[in-house]
Amino acid sequence: MMDHYGFLSQADSQLGDEYVANGYIVGSIEDHSSFVGIQKEIATYAASILDLEIDVAASAFLNNIHTKLDSTELNTFRLKVMERIHSDLSFNAQYFALAQQLLYSIVGNELVMQKRINLSIQLPDDQSSLLPIHADTWSGDSPFEAVLWVPLVDCFNSKSMFILPPSKMPEVDQFFLAEGGNLN
């Protein structure tokens, strides 16, 4: 990353180069207690909404929540969990603590955070809960934003997400424009 004034450490410069080259950075949780707190809060909210008791660790509960839901209930459930998240005044601070230094390294410390954190849930083997390809900029968000994706469950194989390499974005953008902004 070009640092004309010598403000960046070598580590920050390398992170910036990685972010620009790949379009993402996979980092470690910086504040483990905030992560555990977020998992516990979301598990508690989910259990309450589903009228269940949590008899295992929050991570185990969330990893198996798909056995308590079906796809017809998914969006209503997701919106109810998000409503609880948004009513918790400490949630955004806990979320930011997960990657504060990483975000400062790649975008600086003059940050704005969206008011409402989003929650995405995909059930195993459920084609109806898959999200189509998208870029936040297609819906009017700034191309200068950084998105912090925090998996609350163990992610592997199809229980994960795909990030398109930046070199492929011009081709997808052209397709998106040719389809009139509709990829569904």
Side-chain angles (χ1 to χ4, degrees), residues 1-3 8 10-31 34-35 38-39 42 59 62-63 65-66 69 71 74-75 77-79 81-82 85-86 91-92 94-184:
M1 178 178 267
M2 197 65 99
D3 180 19
L8 299 176
Q10 183 176 7
D12 286 349
S13 185
Q14 288 172 337
L15 277 173
D17 290 343
E18 180 183 345
Y19 184 67
V20 168
N22 298 329
Y24 65 90
I25 293 176
V26 176
S28 298
I29 296 292
E30 294 175 11
D31 184 339
S34 286
F35 178 73
I38 286 170
Q39 268 191 325
I42 290 178
S59 59
L62 293 173
N63 268 304
I65 201 160
H66 64 279
L69 286 169
S71 62
L74 186 59
N75 197 49
F77 169 76
R78 181 182 71 86
L79 293 173
V81 173
M82 286 174 56
I85 288 170
H86 300 152
F91 196 90
N92 283 22
Q94 283 185 299
Y95 189 74
F96 181 58
L98 300 176
Q100 180 175 345
Q101 291 308 310
L102 177 65
L103 289 168
Y104 284 172
S105 293
I106 60 172
V107 296
N109 64 359
E110 294 182 27
L111 300 174
V112 174
M113 182 179 203
Q114 73 183 46
K115 187 175 181 179
R116 295 180 167 266
I117 294 172
N118 196 2
L119 177 66
S120 180
I121 304 171
Q122 279 84 35
L123 300 177
D125 302 317
D126 173 25
Q127 295 299 313
S128 69
S129 69
L130 297 177
L131 297 174
I133 187 170
H134 82 277
D136 292 345
T137 55
W138 293 341
S139 60
D141 290 358
S142 170
F144 302 105
E145 70 181 21
V147 175
L148 178 60
W149 179 66
V150 180
L152 299 174
V153 298
D154 295 329
C155 296
F156 54 92
N157 297 333
S158 66
K159 193 176 175 185
S160 60
M161 65 184 257
F162 174 78
I163 300 174
L164 190 69
S167 62
K168 298 291 185 185
M169 279 307 297
E171 183 180 331
V172 173
D173 282 339
Q174 287 301 317
F175 179 78
F176 177 74
L177 292 172
E179 293 296 315
N182 185 5
L183 291 177
N184 294 330

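This is a predicted model, so every value here is computed, not measured.
- For N75, the side chain to side chain donor-acceptor pair (under 3.5 Å) test picks out R78, with sequence neighbours left out.
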*Test log, rule side-chain contact (heavy atoms from CB on, under 4.5 Å), inputs I38 and V150*: CA-CA 10 Å; I38 286 170; V150 180; over 6 Å; no
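- In summary, of the residues considered (I29, L15, L148), a side-chain contact (heavy atoms from CB on, under 4.5 Å) with L102 occurs for L15 alone.
- Closest of all the heavy-atom pairs between P151 and C155 is CB-SG, 3.3 Å.
- Smallest separation of non-hydrogen atoms from L103 and A146: CD2-CB, 4.2 Å.
- When all heavy atoms of N63 and D154 are compared, the pair lying nearest together is OD1-N, 2.9 Å.
- A distance of 8.5 Å separates CG of D12 from CD of Q101, quoted to the nearest 0.5 Å.
- Nearest heavy-atom pair across M113 and N92 is CE-O, 3.6 Å.
- Distance CZ/F91 to CZ/F96: 14.5 Å, rounded to 0.5 Å.
- Here the shortest heavy-atom pairing between S34 and A97 reads OG-CB, 3.7 Å.
- Remark: I163 engages Y24, M161 in a side chain to side chain contact (heavy atoms under 4.5 Å, CB included) (not counting sequence neighbours).
- At a threshold of 4.5 Å between non-hydrogen side-chain atoms, the residues F77 and I65 count as touching.
- Between S120 atom OG and M82 atom CE the span is 9.5 Å, to the nearest 0.5 Å.
- For Q100, the side chain to side chain donor-acceptor pair (under 3.5 Å) test picks out Y104, with sequence neighbours left out.
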